Amino acid sequence: MKISGKTLGQSAAFRKLVGALVIYAVIQILLATGLLSDYYFATIVTIGINVILAVSLNLITGFTGQFSLGHAGFMSIGAYFCAFITLRVEGIPGFLLGILVGGCAAALVGVLVGLPTLRLRGDYLAIATLGMAEIIRIIFQNIKITNGAAGLSNLPQYVNWPWLFLFIAAVVALTVNFLHSSPGRACIAIREDEIAAEAMGINTTRYKVTAFIIGAFCAGVAGALYATYFPRIKPDTFGFMKSVDILVIVVFGGLGSITGSILGAIVLGLISMFLSSYTELRMVLYALLLVIIMIFRPQGLMGSRELSLALMKRAGDHLMGLFRKKEKEGRV
Amino acid sequence: MLEIKDLNVHFGVIHALKGISLSVQDGEIVTLIGANGAGKTTTLRTISGLKKPTSGSILLDGKDITHTTPRDRVKMGMSQVPEGRRVFPEMTVLENLELGAYLRRDRAGIAQDLKMVYERFPRLADRKRQAAGTLSGGEQQMLAMGRALMSRPKILFLDEPSMGLAPLLVQEIFDIIKDINQGGTTILLVEQNASMALQIANRAYVMETGSIVLSGTGEELSNSDDIKKAYLGG
């Protein structure tokens, strides 16, 4: 069977699809056989939500070059709007409607914040998004309908592994496709040199806002998933530190690398899971690990490259080369 | 082709351009020379739409384009090689050139122009998969020029193409500019290297602290005593 001159096995898209399905199947089997307990599944959900958050923030910060500090704000909008729906509409329709409404509400706030600030160059966006996230948190903390600081509880739970996987795959596919489209190229050009991009005739404000809205929408979806897996949401969960956590994943994985964000979320998620048995030292060790990793790899795990079979092969060859050299030196 | 009337530009309280008027005819090379801070780059940036003027008008083929966006101006056939080249450093040479044709949708025409750029700058063809940030200064200048040509401009603006380049390379770049002009593209050239610019220009304007103080043919200005003293080293 051939697709555009290549056999099916050689097509990159096909290989990615197979890879994703293998990961899906392995975890599904582990869950079904009870090898992965509910405790580990909660970690997987947290990692999965962080993957969505990191990939979407990477689109804004890593690919378009706009420094945003309010991702937790968009996430909280998604979570609360979704919770309002799922508390009123039952079953899967309520779940899906909640996710859609959560994402759209976050995107709408993205437009309101993005349009005035993204016209400007520089760090205005960072300040505006930081302020926006705090305003949202304080609003949720003080109005009756969100039950103040105690938050909403007894939320119906819908998220299982198939749903989670579906939404991660959808967000990653949306982001990757966007980046390979003409507007996506424009976004990368804006990161590389905004003035040159404008001189090429690229409407810089329009594409910055587009990337920002897509990022906000996906963060809203992540928040909605949070509110349909964990039975309780409260404003504190979505504070400034949450935004920083997401930024840390993005920088750690590599600004401008989708696979880097995915790997970053997984690695940091696993690290904090293993550290959770050392309660007092947890944050100290976590911070120390981050510092050490960033000293040795300041560009992040992946830099701006993507993980691919070709790259893994090159790395393997490189390691083998080093190994053989060591072996030779050993003999002399 | 291009006409600028009484253009005023402010940066906050600083009056950067004080009523500039100039014109460029079809097929000409016109150069704008002057010392650092005279307002040459600001003039170019205002013409290409990156900076908004406080008053005055810009006409392209008789049409007022003062209030159009940079995007519209690229579509109308204006293209710019910015000061300091400003290539997209982490993109490959090919991706840089493709972005030059960002507003075009005619694939066949783009492929044809890409071939034309590679013929004009063979070194870019050799390095098409290389990241633009790893090119030498001269190669980056060529890439910036090639990128600007990819929009198939009627008029090309060049901002200090000789900046930071070795004398031999400067000669090469100026030969290429002349060649592009002979291919039918009108050129407005901003330069600090006045002697080189005057050699290839049909006409020239001299700027000083935001105003045009002199104008004439390239030859006239090369022989003018004032110019010799101020810009040509004696």
Side-chain angles (χ1 to χ4, degrees), chain A residues 4 58-59 61-66 115 118-122 176 178-211 251 254-260 298-300 302-306 308 310-311 314, chain B residues 41 44-52 68-105 107 110 131-133 140-141 143-153 156-159:
Chain A
S4 65
N58 207 344
L59 174 64
T61 303
F63 287 97
T64 317
Q66 306 304 308
L115 263 185
L118 285 165
R119 299 184 161 277
L120 309 163
R121 293 197 185 101
V176 170
F178 175 74
L179 287 170
H180 285 159
S181 71
S182 166
R185 308 301 304 166
C187 287
I188 299 173
I190 292 168
R191 172 195 71 191
E192 296 274 286
D193 194 318
E194 194 166 338
I195 291 174
E198 204 176 356
M200 294 303 107
I202 292 170
N203 183 343
T204 52
T205 305
R206 182 173 147 197
Y207 291 117
K208 284 193 280 185
V209 172
T210 308
V251 175
L255 284 163
S257 168
I258 296 288
T259 41
Q299 72 275 51
M302 299 300 301
S304 58
R305 282 188 298 189
E306 295 295 344
S308 64
L311 191 68
R314 269 218 306 274
Chain B
T41 295
L44 261 200
R45 289 171 57 93
T46 314
I47 296 173
S48 60
L50 297 178
K51 175 82 195 143
K52 285 193 173 54
T68 57
T69 61
R71 180 189 156 88
D72 291 333
R73 296 187 204 191
V74 174
K75 274 192 170 164
M76 282 184 259
M78 302 166 95
S79 184
Q80 192 188 9
V81 182
E83 186 181 15
R85 337 198 205 288
R86 288 189 176 272
V87 296
F88 302 114
E90 279 187 44
M91 293 189 174
T92 64
V93 168
L94 178 62
E95 286 170 327
N96 266 274
L97 292 173
E98 282 171 350
L99 270 164
Y102 189 77
L103 295 179
R104 291 173 61 182
R105 291 289 171 263
R107 276 164 189 255
I110 295 173
Q140 287 191 18
Q141 185 60 51
L143 178 56
M145 287 166 72
R147 186 179 63 180
L149 287 174
M150 287 300 291
S151 67
R152 207 177 265 190
L156 182 66
F157 307 130
L158 293 138
D159 197 347

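As the structure is a computational prediction, the values presented were derived from the model and not from experiment. Sequence lines set the chain letters: A, B, ... in the order given, protein chains first and strands last, and positions in each chain run from 1.
- Using a 4.5 Å cut-off between heavy atoms, B:Glu95 touches chain A through its side chain atoms alone.
- Contact of the A:Arg191 side chain with the B:Glu90 side chain is registered, since non-hydrogen atoms from C-beta on lie closer than 4.5 Å.
- In this structure, the side-chain contact (heavy atoms from CB on, under 4.5 Å) partners of B:Val81, at least two apart in sequence or on a different chain, are B:Gln141, B:Ala144, B:Met145, B:Ala148, B:Leu156, B:Leu158.
- In terms of heavy-atom proximity, A:Ala186 sits nearest to B:Tyr102 at CB-OH, 3.3 Å.
- A:Met200 contributes atom CE, which lies 7.5 Å from atom CD of B:Gln80 (distance to the nearest 0.5 angstrom).
- For chain A, the nearby part of B:Arg45 is the side chain; its heavy atoms alone come within less than 4.5 Å.
- Contact detail for B:Met91 and A:Ala189: the closest heavy-atom pair is CE-N, 3.6 Å.
- When all heavy atoms of A:Ala196 and B:Phe88 are compared, the closest pair comes out as CB-CE2, 3.8 Å.
- At a heavy-atom separation below 4.5 angstrom, chain B is approached by A:Gly201, A:Ile202, A:Asn203, A:Tyr207 within residues 201-210 of chain A.
- Taking A:Ser257 as the reference, A:Thr259, A:Met302, A:Glu306 meet the side-chain contact (heavy atoms from CB on, under 4.5 Å) condition, with sequence neighbours excluded.
- No other option in B:Glu98, B:Arg71, B:Met150, B:Arg85 has as many heavy-atom pairs under 4.5 Å with chain A as B:Arg71.
- Take B:Ala132 and apply the side-chain contact (heavy atoms from CB on, under 4.5 Å) test, not counting sequence neighbours, and it matches B:Val87, B:Asn96, B:Leu143.
- Note that CD of A:Glu192 is 12.5 Å distant from CZ of B:Arg86, once rounded to the nearest 0.5 Å.
- Taking the side chain as every heavy atom from C-beta outward, A:Glu198 and B:Pro82 never approach each other to under 4.5 Å.
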